[in-house]
K.L.:
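Pasting in a structure now, in structure tokens, and then I'll have a few things to ask.
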Amino acid sequence: MLGKLEQTPSLLKVLTEIEMPLVPVLARIERNGALVDAQLLGQQSVELGEKLVELEREAFDIAGEEFNLGSPKQLGVILYEKLGCPVLSKTAGGQPSTAESVLAELAEQDYPLPKVIMQHRSLSKLKGTYTDKLPQQINPRTGRIHTSYHQAVTATGRLSSSDPNLQNIPIRTAEGRRIRQAFIAAPGYQLLAADYSQIELRIMAHLAQDAGLLEAFRNGLDVHRATAAEVFGVPLEQVSSDQRRSAKAINFGLIYGMSAFGLAKQIGVGRKEAQEYIDRYFARYPGVLAYMERTRTQAAEQGFVETLFGRRLYLPEIHSKNGAMRKAAERTAINAPMQGTAADIIKRAMVAVDVWLQESGLDARIILQVHDELVLEVREDQVETLRERIGPLMSAAADLDVPLLVEAGVGANWDEAH
DNA sequence: AACGGCTCGC
DNA sequence: CTGCGAGCCGTTC
């Protein structure tokens, strides 16, 4: 009796041509490990601890009593019962929410406590998850951190990373980036970070074969700016930074199968206005609309969607009688081919880079993969060779109808390499 | 130990 | 009521 895998040539191909060759590559990456400056993280922990005590004092002062800032339950009592903040949103469990977006909203209404809580939350996240924990994860024998990559966990084909997760190291804020500064190269070596530029949007252009989007990428345009120009009806050079930010949210929203409601929340406009943006987007990029409709239909008819390389995601809930569950399956159907194709491509690239490094005898090794990025540790005198050749090699992992660009940076630490 | 709420990444 | 993950802390059992 043959299973789905043996019966399906495209799945066999994904197995034998992508996943199996990747196994020894992942093993090598895990064994290589990442060098981390424990002393620097230790200093940061001390500094963060001091700032947290300060913020705690401020919070107690505003609240007029002491409470556990880390407890959403206790915080809810202070905010909504004692200080009389309006309840803007509730959690799935029915309690008044204290999530970031809610606190930001309350802060705008001039309540002083939410801002202190937000600062406390973000710093305690950095301390608890990163600066305190990472030094404990250093292997005493190698002096490096060896994450585990999981090859068969995610629905879309991405890798995941655990113990510790090195795929969610902060980057967004200046405080967070300091943690990346603790990921360093060994003496005599440099870090090289190579990431695909907007890979999922490029895949969307390719899969949807939308003329406008293909054109934008082929002309090397800033695609968020180009989207803004189309949606807001202004010349490219007159796009404001707000318009570009909104267009970026629209582009990401499309990849995620987002609704007008979700977009409205994300960019801070009314639902009607958000719907107008979406309508204008689809009017300008009709190929994208047709592709999304095709994807939904295919998911419903075949019960699965697939990536460019034939990896499948089965979606039984696409037939659910429950509307919310069906909608969720439809969003996954939209997202999975793009996210999954990106995963296929970087996996192929990892194998290609690994083969090249093994054959060339260069003193360089892959130490991290973060979904659209590879980080390598390279002997100093070979950095320029690597930097020149890794882009074309990674780009060649797929033959898309748009350029697949790779940006590569070098530095003494992971922050500098970006 | 398991779960909820929250927050970090792409 | 935008996709995919991992992990922290607080809370409950």
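Order of the sequence lines sets the chain letters (A, B, ...), proteins ahead of strands, with each chain counted from 1. Please read all numbers here as calculations on a predicted model, not as lab measurements.
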K.L.:
Could you tell me how far apart A:Ile117 (CD1) and C:dG10 (P) are, to the nearest whole angstrom?
P.N.:
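Computing the A:Ile117:CD1 to C:dG10:P distance gives 13 Å.
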K.L.:
Looking across every strand, which nucleic acid part, if any, lies under 4.0 Å from A:Lys327 by heavy atom: base, sugar-phosphate, or nothing?
P.N.:
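Contact class for A:Lys327: none.
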K.L.:
Rounding to a whole Å, what distance do you find between A:Ile255:CD1 and B:dG9:P?
P.N.:
18 Å
K.L.:
Rounded to whole Å, how long is the line connecting atom CE of A:Met118 with atom C1' of B:dT7?
P.N.:
12 Å
K.L.:
Establish, from distance only, whether the side-chain atoms of A:Asn251 and A:Thr227 form a donor-acceptor pair under 3.5 Å.
P.N.:
yes
K.L.:
If you measure from the P atom in B:dC3 to the same atom in C:dT2, how many Å do you get, rounded?
P.N.:
25 Å
K.L.:
How close or far is atom P of C:dC8 from atom NZ of A:Lys127, stated in whole angstroms?
P.N.:
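Nearest whole value for this atom pair: 13 Å.
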K.L.:
Taking any heavy-atom pair under 4.0 Å as a contact, classify A:Ile171: base, sugar-phosphate, or nothing.
P.N.:
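Here A:Ile171 touches the backbone only, sparing every base.
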K.L.:
Give a yes/no answer on whether the side chain of A:Ser71 brings an N or O atom under 4.0 Å of OP1 or OP2 in C:dT11.
P.N.:
yes
K.L.:
Side chains of A:Gln167 and A:Gln369: any donor to acceptor distance under 3.5 Å?
P.N.:
yes
K.L.:
Under 4.0 Å, heavy atoms only, any strand: does A:Gln74 hit a base, just the sugar-phosphate, or nothing?
P.N.:
sugar-phosphate
K.L.:
Quick one: do the A:Asn68 and A:Gln74 side chains pair a donor with an acceptor below 3.5 Å?
P.N.:
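On atom types as modelled, these side chains do not qualify, holding no pair under 3.5 Å.
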K.L.:
Assess, by modelled atom type and distance only, whether the side chains of A:Glu19 and A:Gln151 contain a donor and an acceptor separated by less than 3.5 Å.
P.N.:
yes
K.L.:
Does C:dG3 have OP1 or OP2 sitting under 4.0 Å from an N or O in the side chain of A:Arg331?
P.N.:
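Yes, within the criterion.
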K.L.:
Which nucleotide, C:dC1, C:dT11, B:dT7, lies nearest any side-chain atom of A:Arg271?
P.N.:
C:dC1
K.L.:
A:Ser160 side chain N/O closer than 4.0 Å to the phosphate oxygens (OP1, OP2) of C:dA6?
P.N.:
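For C:dA6, OP1 or OP2 has a side-chain N or O of A:Ser160 closer than 4.0 Å.
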K.L.:
Counting heavy atoms from C-beta on, name the nucleotide in C:dC4, B:dT7, C:dT2 closest to the side chain of A:Met258.
P.N.:
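Nucleotide nearest to A:Met258's side chain: C:dT2.
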K.L.:
Remember a base hit wins even if backbone is also touched, and classify A:Glu200 as base, sugar-phosphate or nothing at under 4.0 Å, heavy atoms.
P.N.:
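Answer is nothing: A:Glu200 stays at 4.0 Å or more from every strand.
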K.L.:
The criterion is side chain to side chain donor-acceptor pair (under 3.5 Å); which residues satisfy it with A:Lys90, sequence neighbours excluded?
P.N.:
none
K.L.:
Using a cut-off of less than 4.0 Å, is there contact between a side-chain N or O of A:Lys73 and OP1 or OP2 of C:dT12?
P.N.:
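So the side chain of A:Lys73 is within the cut-off, an N or O lying under 4.0 Å from OP1 or OP2 of C:dT12.
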K.L.:
Of A:Arg311, A:Arg158, A:Arg312, A:Lys13, which is the lone residue that meets salt bridge (Lys or Arg N to Asp or Glu O under 4.0 Å) with A:Asp344?
P.N.:
A:Arg311
K.L.:
Side-chain N or O of A:Thr156 less than 4.0 angstrom from OP1 or OP2 on C:dG3?
P.N.:
no
K.L.:
Taking 4.0 Å as the cut-off, does a side-chain nitrogen or oxygen of A:Ser97 come that near to OP1 or OP2 on B:dC6?
P.N.:
yes
K.L.:
Checking all strands, does A:Ile169 fall into the base, sugar-phosphate, or nothing category for heavy-atom contacts under 4.0 angstrom?
P.N.:
sugar-phosphate
K.L.:
Counting heavy atoms not belonging to A:Gln109, are there more than 12 under 6.0 Å from its CD?
P.N.:
yes
K.L.:
Could you work out which one of C:dC4, C:dT2, B:dC8 sits closest to the side chain of A:Pro170?
P.N.:
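So the side chain of A:Pro170 is nearest to B:dC8.
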K.L.:
What orientation do A:Tyr314 and A:Phe304 show, parallel under 30°, tilted 30 to 60°, or perpendicular over 60°?
P.N.:
tilted
K.L.:
Examine C:dA6: is either OP1 or OP2 under 4.0 Å from a nitrogen or oxygen in the side chain of A:Ser162? Give yes or no.
P.N.:
no
K.L.:
Does A:Asn68 put a side-chain nitrogen or oxygen below 4.0 Å from OP1 or OP2 of C:dG10?
P.N.:
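Checking C:dG10 against A:Asn68, a side-chain N or O does come within under 4.0 Å of OP1 or OP2.
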K.L.:
Whole Å only: how far is the CZ atom of A:Arg121 from the P atom of C:dG7?
P.N.:
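Interatomic distance, CZ of A:Arg121 to P of C:dG7: 21 Å.
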K.L.:
Expressed as a whole number of angstroms, how long is the span from A:Gln151:CD to C:dC4:C1'?
P.N.:
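One finds 17 Å between C1' of C:dC4 and CD of A:Gln151, rounded.
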K.L.:
Please determine, for the side chain of A:Phe261, which listed nucleotide (C:dG5, B:dC10, C:dC1) has the closest atom?
P.N.:
C:dC1
K.L.:
Answer yes if the side chains of A:Arg172 and A:Ser122 hold a donor-acceptor pair under 3.5 Å, and no otherwise.
P.N.:
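No, no side-chain donor-acceptor pair sits under 3.5 Å.
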K.L.:
Round to the nearest Å and state the distance from A:Leu52 atom CG to C:dC9 atom P.
P.N.:
12 Å
K.L.:
Between the protein and nucleotides 1-4 of chain B, list the N/O to N/O atom pairs that are separated by less than 3.5 angstrom.
P.N.:
none

K.L.:
Looking only at side-chain N and O atoms, does A:Arg158 come under 4.0 Å of OP1 or OP2 in C:dG5?
P.N.:
no
K.L.:
In whole angstrom, what separates A:His120's NE2 from B:dG5's P?
P.N.:
21 Å
